[in-house]
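Letters A, B, ... mirror the listed sequences (proteins, then strands); counts begin at 1. Please read these numbers as outputs of a predicted model, since none were measured by experiment.
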Amino acid sequence: MNIQESLENAVKDGMKTLFEVNIPSVEFQETRKEFEGDLTVVVFPFLKFVKGNPFEIATKLGNYLKKNISELSDFNVVKGFLNLTISDNYYLQSFDKINNSKNYGIKKASNDEKSVMVEYSSPNTNKPLHLGHIRNNLLGYSVSEIIAATGKKVYKTQIINDRGIHICKSMLAWERYGNGETPESTGLKGDKLAGNYYVKFDEEYKKEITSLIAKGASEDEAKKNAPILVEAQNMLRKWESGDEKIISLWKKMNQWVYDGFDKTYEELGVNFDMNYYESNTYLLGKNIIADGLKRGVFYKKEDGSVWIDLTEEGLDEKIVLRADGTAVYMTQDIGTAIQRFKEYPDLDSLVYTVGNEQDYHFRVLILILKKLGYAWAQHLYHLSYGMVDLPSGKMKSREGTVVDADELIIEMTDTARSISQELGKLESYSEEEKEKLYKTIGLGALKYYILKVDPKKRILFDPKESIDFNGNTGPFIQYTYARIQSILRKVDFDYSKKITNITLHQKEKDLIKLLDYFKEIIYNSALNLSPALLANYTYDLVKEYNSFYQILPILGNDNLQEKILRTQISNQVGNTIKNAFKLLGIDVPERM
RNA sequence: GCCCCUGUAGUUCAACGGAUAGAAUAAAAGUUUCCUAAACUUUAGAUCUAAGUUCGAUUCUUAGCAGGGGUACCA
């Protein structure tokens with residue numbers, strides 16, 4: 001609340017007047033429900049500056065504040081906690097402010113703000129997207145939206161990993177065993193078709209290894225010399241030298257995969273402002289290495305490979321260029337980052353949404369860029385998130401142990417359908433409207449399930465236990481929104497009038513407090529790159545509203561003043577749910 | 001070996017160093033003449049261990065223990 005700022009100053013003044021000390025900062029917290037009051041000043045930290053009994057200090061301070069701050073209606077002291085009661089009129093005023101701003105808490109993009117690039121998704125073009133990618137996409141998209149809501153311009157981007165040995169593997173397997181299959185001929189999504197051949201390659205590769213070992217080769221030799229692998233490597237060389245036949249096969253199969261991805265992205269509701277392709281960026285960075293070598297940032301080993309020594313920073317030595325002069329992953333990441341800041345002069349910072357298995361890589365990358373002297377390197381962030389694991393362990397596309405993204409979305413929609421049909425509240429809806437709703441609810445459940453968890457934490461997903469639709473879930477929040485819309489449809493009076501001089505119910509105060517908090521939550525979520533904060537806030541708001549809804553009559557109230565205020569609160573809770581969910585990439589239904 | 005992340009009710013998640021650690025789910029009981037019961041109200045249940053810092057530690061420090069990841073001329 002804004003009152004917190006004026007109170008902070010008043011507390012400082014009070015401590016100065018009463019005890020002649022300067023307090024550097026004041027700690028406020030919500031008053032716990034079991035105590036009387038709205039806002040609490042923690043007095044304990046003041047003991048460093050004033051000797052004495054915390055209870056007495058708090059009491060003196062309370063008297064001072066009550067005298068000097070008109071919005072304060074009362075106070076009480078428990079131990080070292082000074083509980084302040086804010087007047088109802090102050091609540092009504094701050095609610096009026098919320099009501100009058102169009103999308104409270106959401107800042108429009110302004111031109112003076114610097115822009116942020118968020119990279120996420122970044123798929124390989126040899127296999128379909130799975131649950132792990134879903135987490136990545138939801139996080140990246142949501143963080144982009146949240147940052148944008150703080151007024152910054154955001155570029156959403158993905159770098160598509162469209163080249164390399166793994167791509168050649170599925171190309172080779174298709175060439176050998178595909179019999180000219182296409183997405184059209186099989187009816188399969190293109191990414192699924194390509195993925196099947198990636199799996200096929202691995203099967204054949206394993207067979208060859210087994211047979212080589214049977215013939216007396218060692219395991220290492222067998223892995224290295226399996227003919228199918230040698231052939232794939234050969235294909236990669238041809239690709240790099242621009243062999244027309246290979247390039248055209250590569251283009252064809254990649255296009256299949258892009259078409260498939262586009263469908264999945266559309267289902268998920270994520271999008272990008274621009275794409276980068278690794279086939280365009282994989283040679284970047286080499287000149288930077290050469291330059292850094294001259295300046296002594298890097299050093300060359302006898303065999304010609306180039307390294308950086310990060311032992312002073314507590315890390316290891318890291319290779320940045322191979323002995324044969326070819327680039328490694330790090331090389332192109334260095335080059336790509338530099339290129340992006342060149343291409344977008346308004347760019348201030350860059351967020352990489354990448355799994356925590358690459359924590360080390362990004363620490364090194366950021367450090368190298370700093371050492372190379374790029375000032376913007378201190379605004380690079382790795383949005384690192386935990387893996388989504390199955391009870392059986394890690395998901396591996398090669399071995400087919402994955403939860404497929406498209407299938408999961410379908411399953412969630414199916415569950416929503418069957419629950420909804422059982423409840424049977426949608427008589428007036430057409431089949432088309434119903435199907436759209438089922439998808440909204442199913443995706444809402446999935447997205448919320450993933451986003452409510454702190455990104456850092458790993459998620460263990462058990463396909464046997466389906467994702468909940470009750471409790472702290474997306475559908476619970478969507479349901480509350482739908483109920484609010486139902487109320488608003490029934491309103492037959494004007495509720496635009498500002499309400500003053502009314503005694504507020506505790507539930508009304510709690511809701512106004514929470515609504516007010518929305519702005520701060522967005523700011524915190526952006527700062528911490530954590531949609532989970534926003535998700536949990538929304539849940540708290542909804543929980544509070546449902547309790548309010550149950551206890552207090554809204555439309556059935558005889559008192560017009562109260563009726564108007566409660567309708568306004570309902571409306572505002574609805575708006576906040578909708579806006580919060582929009583930042584999470586989740587839709588809300590008008591009824592369900 | 002070294003480095004990073006995570007350990008909270010049976011399970012899934014919360015808690016700027018603050019009061020009696022909150023929710024959900026599963027369990028038990030209740031609430032529909034009343035704005036959508038996908039809701040609400042009760043009951044029972046947890047901070048990995050040990051030291052330390054602090055008026056106060058789930059939170060910070062150190063040492064263990066457990067799980068995950070990294071430490072490649074793979075990406």
Side-chain angles (χ1 to χ4, degrees), chain A residues 27-29 31-35 40 42-45 47-48 54 78-81 83 122 124 161 163-166 278 282 301 303-307 314-316 318-330 332-333 355-361 363 384-387 389 393-394 416 419-420 422-423 425 441 445 449 452-454 456-460 462 465 467-480 482-491 524 532-533 535-537 539-540 542-543 545-557 566-567 570 591-592:
Chain A
E27 189 186 324
F28 287 98
Q29 58 182 274
T31 303
R32 290 198 147 232
K33 297 231 158 149
E34 55 269 38
F35 300 102
T40 296
V42 185
V43 176
F44 289 112
L47 295 177
K48 276 181 202 143
V78 181
K79 290 189 255 179
F81 299 95
N83 300 324
S122 305
N124 288 334
N161 196 330
R163 65 162 287 283
I165 187 73
H166 50 294
E278 206 181 287
Y282 82 109
K301 286 197 177 172
D303 63 4
S305 56
V306 181
W307 296 71
L315 303 174
D316 299 322
K318 190 81 192 171
I319 188 161
V320 291
L321 204 63
R322 290 193 189 100
D324 63 7
T326 55
V328 292
Y329 183 36
M330 190 62 77
Q332 55 167 306
D333 266 7
N356 64 7
E357 52 192 359
Q358 295 196 37
D359 284 355
Y360 186 73
H361 173 79
R363 274 179 73 188
S384 160
Y385 62 91
M387 298 286 105
D389 290 331
K394 236 184 145 168
I419 292 175
S420 192
E422 209 169 298
L423 293 169
K425 296 196 220 171
I441 297 171
Y449 173 83
K452 76 169 176 185
V453 182
D454 180 348
K456 267 192 304 193
K457 290 193 175 168
R458 138 185 130 102
I459 293 181
L460 194 66
D462 189 345
E465 288 177 34
I467 294 173
D468 270 330
F469 281 66
N470 295 320
N472 184 359
T473 66
F476 169 82
I477 293 166
Q478 289 172 322
Y479 172 70
T480 305
R483 262 208 318 202
I484 291 172
Q485 299 319 301
S486 169
I487 286 181
L488 296 177
R489 278 193 295 269
K490 289 187 177 144
V491 169
N524 275 339
L533 295 177
N536 285 309
Y537 160 81
Y539 175 69
D540 288 340
V542 163
K543 187 94 184 120
Y545 181 81
N546 278 335
S547 170
F548 159 88
Y549 177 95
Q550 201 75 19
I551 295 171
L552 304 174
I554 300 166
L555 302 179
N557 196 327
R566 288 178 190 170
T567 308
S570 301
R591 62 180 78 198
M592 69 186 271

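Residue contacts for Val453(A): at a heavy-atom cut-off of 4.0 Å it reaches the sugar-phosphate backbone alone, with no base atom in range. Backbone-only contact: Tyr360(A) has heavy atoms under 4.0 Å from sugar-phosphate atoms and none from a base. Using a 4.0 Å heavy-atom criterion, one finds that Met592(A) contacts the bases of the nucleic acid, with or without backbone contacts as well. Residue contacts shown for Ser305(A) include a base, since a base heavy atom lies under 4.0 Å away. At a threshold of 4.0 angstrom between heavy atoms, the contacts of Ile441(A) include nucleobase atoms, whether or not backbone atoms are also involved. Across all strands, Gln478(A) comes closer than 4.0 Å to no nucleic acid atom at all (heavy-atom distances). Within the nucleic acid shown, Ala532(A) has no heavy atom closer than 4.0 Å to any nucleic acid atom. Counting non-hydrogen atoms under 4.0 angstrom, Tyr329(A) reaches a base of the nucleic acid. Using a 4.0 Å heavy-atom cutoff across all strands shown, Arg591(A) reaches at least one base atom of the nucleic acid. Pro54(A) comes within 4.0 angstrom of no nucleic acid atom, judged by non-hydrogen atoms across all strands. Within 4.0 Å of Ile459(A), counting heavy atoms only, lies no atom of the nucleic acid at all.
The nearest heavy atom of RNA chain B to Asp540(A) and to Arg458(A) marks one nucleotide each, and the one closer to the 5' end goes with Asp540(A). Along RNA chain B, the nucleotide nearest to Lys490(A) and the one nearest to Lys301(A) differ in position, and the one closer to the 5' end is contacted by Lys490(A).
When the side-chain nitrogen and oxygen atoms of Ser420(A) are compared with OP1 and OP2 of A38(B), none of them lie within a distance under 4.0 Å. In terms of phosphate contacts, Arg363(A) brings no side-chain nitrogen or oxygen within less than 4.0 Å of OP1 or OP2 of U71(B). For A37(B), the OP1/OP2 oxygens have a side-chain nitrogen or oxygen of Arg483(A) closer than 4.0 Å. Note on Lys425(A): a side-chain N or O is less than 4.0 Å away from OP1 or OP2 of A38(B). Within the 4.0 Å cut-off from OP1 or OP2 of C35(B), not a single side-chain nitrogen or oxygen of Ser486(A) is found. For C40(B), one of the phosphate oxygens OP1 or OP2 lies less than 4.0 angstrom from a side-chain nitrogen or oxygen of Asn546(A).
Remark: Glu27(A) engages no residue in a salt bridge (charged side-chain N to carboxylate O under 4.0 Å, His left out) (not counting sequence neighbours). Qualifying side chain to side chain contact (heavy atoms under 4.5 Å, CB included) partners for Ser384(A), counting only residues two or more places apart in sequence or in other chains: Asn356(A), Asp359(A), His382(A). Every residue was checked against the side chain to side chain donor-acceptor pair (under 3.5 Å) condition with Asn524(A), not counting sequence neighbours, and none meets it. With sequence neighbours excluded, the residues forming a ring-ring contact (aromatic ring centres under 6.0 Å, His included) with Tyr282(A) are Trp239(A), listed by chain and number. When the side chain to side chain donor-acceptor pair (under 3.5 Å) test is applied to Ser420(A), no partner is found at least two apart in sequence or on another chain. Listed by chain and residue number, Phe518(A) satisfy the ring-ring contact (aromatic ring centres under 6.0 Å, His included) test with Tyr537(A) (two or more places apart in sequence, or in another chain).
With C40(B), A75(B), G18(B) as the candidates, the nucleotide lying closest to the side chain of Asn161(A) is A75(B).
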Taking Watson-Crick (N1-N3 plus N6-O4 or O6-N4) and G-U wobble (N1-O2, O6-N3), each under 3.5 Å, can you produce the dot-bracket string of RNA chain B? Use [ ] for crossing pairs and | for inter-strand ones.
(((((((..((((....[...)))).(((((.......)))))....(((((..]....))))))))))))....
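Of the C1' atoms belonging to A44(B) and C48(B), the separation is 24 Å, rounded to the nearest Å. Taking atom C1' on both G18(B) and U43(B), the two are 28 Å apart, rounded to the nearest angstrom.
The 12-atom threshold is not exceeded at CD of Glu422(A), counting heavy atoms of other residues, nucleotides or ligands nearer than 6.0 Å.
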Return the polar atom pairs (N/O with N/O) between nucleotides 5-9 of chain B and the protein under 3.5 Å, or none.
| unit_1 | atom_1 | unit_2 | atom_2 | d |
| --- | --- | --- | --- | --- |
| U6(B) | OP1 | Lys456(A) | NZ | 2.9 |
| G7(B) | OP1 | Lys457(A) | NZ | 3.3 |

Protein-nucleotides 19-22 of chain B N/O pairs under 3.5 Å:
| unit_1 | atom_1 | unit_2 | atom_2 | d |
| --- | --- | --- | --- | --- |
| A19(B) | OP2 | Arg32(A) | NE | 3.4 |
| A19(B) | OP2 | Arg32(A) | NH2 | 3.1 |
| A19(B) | N6 | Thr40(A) | OG1 | 2.9 |
| A19(B) | N6 | Asn83(A) | OD1 | 3.3 |
| A19(B) | N1 | Asn83(A) | OD1 | 3.3 |

Kindly give the atom pairs (protein nitrogen or oxygen, nucleotide nitrogen or oxygen) under 3.5 Å for nucleotides 31-33 of chain B.
none

Measure all distances between protein nitrogen or oxygen atoms and nitrogen or oxygen atoms of nucleotides 53-58 of chain B, and list the pairs falling under 3.5 Å.
none

Between N or O atoms, less than 3.5 Å apart, protein on one side and nucleotides 23-30 of chain B on the other: list the pairs.
| unit_1 | atom_1 | unit_2 | atom_2 | d |
| --- | --- | --- | --- | --- |
| A23(B) | O2' | Tyr539(A) | OH | 2.6 |
| A24(B) | OP1 | Lys543(A) | NZ | 3.0 |
| A24(B) | O2' | Asn472(A) | N | 3.3 |

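Counted by atom type alone, Tyr545(A) and Gln550(A) present zero donor-acceptor pairs between their side chains at under 3.5 Å.
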